[in-house]
> 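For reference, the structure I am asking about is given below.
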Amino acid sequence: LVCANEISLPTDQNDSQIKESVEIKIWSFQGQIEISNGQRHAHGNLIWQQNERQYIVEFFPPLTRQNLQLFGDTHYEGGTIIGPEIGTIDDENAEALLDTVTGLEIPVNYLPDWTRGSAVWDTSEPAQINDDSNGLVVSIKQLGWTIRYLEWHLPNNNGLVLPKILELNNGLTKIRLVIDHWSYLN
């Protein structure tokens, strides 16, 4: 049984491990993603690399028909997709670009925060955060999405606790993300 405390942002997060994970600016993870939107069901592997606000996400078949790289910036929200069959395509909105090319809605500009167990802090929309009695986030509701944290990696050598399995749902699209391995620089 999980006891949840509801918190509305902006507030100070008391959990130091979550704070520390948010303070990490250069990080990456490898994992699997499964997406369903009522018309399409897709799954595959991905690698996410983050350097401050810039990210590179590599998507692999069968999630996409071909290997794709998405380059984006969470502040400017624009992006570039590169693939062997499609070449290079730029757009002012990385999420819309990814949706156009793949038919999949993935909130790529918010995932850098959500995948680390934090709400998106640089938005005017408040979030509702539910945490358990240990201070770990159970769910976040923000920007039309509900993010549920189903499992966390055990603390590593630095004491950080990072998400392992999370599910996102905006009423139309459901995403399940399983993060197998985290890497980061302090």
Side-chain angles (χ1 to χ4, degrees), residues 2 4 13 15-37 41-64 67-74 79 81 94-95 98-99 102 104-122 127 129-132 134-170 173-186:
V2 174
Q13 287 183 321
D15 181 58
S16 63
Q17 278 129 6
I18 300 297
K19 275 187 174 180
E20 288 174 20
S21 74
V22 172
E23 291 172 3
I24 296 170
K25 303 298 182 199
I26 301 172
W27 52 269
S28 66
F29 68 76
Q30 297 174 8
Q32 297 93 48
I33 188 168
E34 183 177 354
I35 304 171
S36 176
N37 63 12
H41 181 88
H43 62 90
N45 295 325
L46 80 158
I47 298 173
W48 190 292
Q49 300 172 65
Q50 188 81 27
N51 187 344
E52 304 263 340
R53 297 184 330 227
Q54 289 80 36
Y55 57 84
I56 302 170
V57 186
E58 295 179 72
F59 298 99
F60 301 96
L63 177 67
T64 54
N67 290 353
L68 293 177
Q69 285 188 313
L70 174 67
F71 297 82
D73 185 305
T74 58
I81 273 191
E95 186 176 318
L98 185 60
D99 191 5
T102 66
L104 301 170
E105 179 183 10
I106 303 173
V108 291
N109 286 321
Y110 307 134
L111 280 179
D113 291 314
W114 292 342
T115 56
R116 292 179 295 152
S118 175
V120 177
W121 292 94
D122 61 350
I129 301 174
N130 294 305
D131 60 2
D132 66 14
N134 295 318
L136 292 176
V137 176
V138 174
S139 67
I140 296 174
K141 289 184 180 182
Q142 187 179 31
L143 298 161
W145 289 87
T146 299
I147 305 90
R148 294 182 338 141
Y149 297 86
L150 305 178
E151 190 174 336
W152 292 77
H153 285 281
L154 294 174
N156 61 21
N157 293 338
N158 293 333
L160 288 181
V161 179
L162 293 164
K164 182 174 185 176
I165 301 174
L166 53 151
E167 292 180 345
L168 298 87
N169 189 330
N170 70 357
T173 300
K174 295 178 183 177
I175 300 172
R176 181 178 176 92
L177 186 58
V178 178
I179 300 172
D180 297 320
H181 178 72
W182 283 95
S183 299
Y184 56 88
L185 296 174
N186 287 339

> Working to the nearest 0.5 Å, report the span between NZ of Lys25 and CD of Gln54.
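Between Lys25 NZ and Gln54 CD, I get 12.0 Å after rounding to 0.5 Å.
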
> Indicate yes or no for a side-chain donor-acceptor contact from His153 to the backbone of Ile179 under 3.5 Å, with no hydrogens or angles considered.
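Yes, because the side chain of His153 sits within donor-acceptor range (under 3.5 Å) of the backbone of Ile179.
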
> Between Asp132 (side chain only) and Gly135 (backbone N and O only), is there a donor and an acceptor less than 3.5 Å apart?
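Checked: pair present.
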
> Does Val120 offer a backbone N or O that forms a donor-acceptor pair with the side chain of Gln142 under 3.5 Å?
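Yes, Gln142 side chain to Val120 backbone: donor-acceptor pair under 3.5 Å.
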
> Any non-hydrogen side-chain atom of His43 less than 4.5 Å from a side-chain atom of Leu63?
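They are not in side-chain contact.
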
> Say whether Tyr55 and Asp73, considering side chains only, have a donor N or O and an acceptor N or O under 3.5 Å apart.
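There is no such pair between these side chains.
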
> Would you mind telling me which of Trp48, Trp27, Trp152 makes a ring pair (Phe, Tyr, Trp, His ring centres under 6.0 Å) with Trp182?
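By the ring pair (Phe, Tyr, Trp, His ring centres under 6.0 Å) criterion, Trp182 pairs with just one of Trp48, Trp27, Trp152: Trp27.
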
> Using the rule given for side chain to side chain donor-acceptor pair (under 3.5 Å), can you reason through Asp180 versus Gln32, listing the C-alpha separation, both sets of side-chain angles and the distance that settles it, and then say yes or no?
CA-CA 8 Å; Asp180 297 320; Gln32 297 93 48; 2.3 Å; yes

> Measure the spacing between CH2 of Trp145 and CD of Glu167 and express it to the nearest 0.5 Å.
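The CH2 atom of Trp145 sits 12.0 Å away from the CD atom of Glu167.
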
> Please walk me through it: do Phe60 and Ile47 pass side-chain contact (heavy atoms from CB on, under 4.5 Å)?
CA-CA 9 Å; Phe60 301 96; Ile47 298 173; 4.0 Å; yes

> Flag the pair Tyr184 / Leu160 as yes when at least one side-chain heavy-atom distance between them is below 4.5 Å, and no otherwise.
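A side-chain contact under 4.5 Å exists here.
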
> I would like to know whether Thr74 and Leu111 meet side-chain contact (heavy atoms from CB on, under 4.5 Å); could you show each step before the answer?
CA-CA 9 Å; Thr74 58; Leu111 280 179; over 6 Å; no

> Is it true that a side-chain atom of Thr102 and a backbone atom of Leu98 form a donor plus acceptor pair closer than 3.5 Å?
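At least one qualifying donor-acceptor pair exists.
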
> Is it the case that the side chain of Tyr149 and the backbone of Trp114 share a donor-acceptor pair, with hydrogens and angles ignored and the cut-off at 3.5 Å?
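Between the backbone of Trp114 and the side chain of Tyr149 there is a qualifying donor-acceptor contact (under 3.5 Å).
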
> Rounded to the nearest 0.5 Å, what separation is found between the CG atom of Asn169 and the NZ atom of Lys141?
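Interatomic distance, Asn169 CG to Lys141 NZ, rounded to 0.5 Å: 10.5 Å.
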
> Among Thr173, Val57, Ile35, which one satisfies side-chain contact (heavy atoms from CB on, under 4.5 Å) with Ile106?
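Testing each of Thr173, Val57, Ile35 against Ile106, the sole residue satisfying side-chain contact (heavy atoms from CB on, under 4.5 Å) is Ile35.
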
> Please determine, by modelled atom types, if Asn67 and Glu58 share a side-chain donor-acceptor pair under 3.5 angstrom.
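There is no such pair (donor and acceptor under 3.5 Å, judged by atom type) between the side chains of Asn67 and Glu58.
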
> Between Thr115 and Leu177, does the side-chain contact (heavy atoms from CB on, under 4.5 Å) criterion hold? Intermediate values first, please.
CA-CA 9 Å; Thr115 56; Leu177 186 58; 3.6 Å; yes

> To check you understand the geometry: which heavy-atom pair defines the closest contact between Glu95 and Pro107, and what is its length?
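Looks like OE1-CA, 3.2 Å.
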
> Of the non-hydrogen atoms in Gly117 and Val137, which two are nearest, and what is the gap between them?
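Minimum heavy-atom separation between Gly117 and Val137: O-CG2, 3.3 Å.
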
> From Ser183 OG over to Gln49 CD, what is the distance, rounded to the nearest 0.5 angstrom?
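Going from the OG atom of Ser183 to the CD atom of Gln49 covers 9.5 Å.
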
> Would you mind reporting whether Leu150 and Arg148 have side-chain heavy atoms less than 4.5 Å apart?
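The answer is yes; the side chains approach within 4.5 Å.
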
> Working to the nearest 0.5 Å, report the span between CG of Asn37 and CG of Leu104.
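Nearest 0.5 Å value for the CG-CG distance: 6.5 Å.
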
> To check you understand the geometry: which heavy-atom pair defines the closest contact between Ala119 and Ile140, and what is its length?
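Shortest heavy-atom separation between Ala119 and Ile140 comes out as N-CD1, 3.6 Å.
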
> Nearest 0.5 angstrom please: Ile26 CD1 to Asn51 CG, how far?
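Answer rounded to 0.5 Å: 4.5 Å.
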
> I need the minimum non-hydrogen distance between Ile175 and Glu105, along with the two atoms involved.
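Heavy atoms only, the tightest pair is CD1-O, 3.6 Å.
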
> Any side-chain donor-acceptor pair under 3.5 Å between Asp113 and Ser118?
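The criterion, which ignores hydrogens and geometry beyond distance, is not satisfied for Ser118 and Asp113.
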
> Is a salt bridge present between Glu34 and Arg176, judged by a nitrogen-to-oxygen distance below 4.0 Å?
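Not counted as a salt bridge, because no side-chain N and carboxylate O are separated by less than 4.0 Å.
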
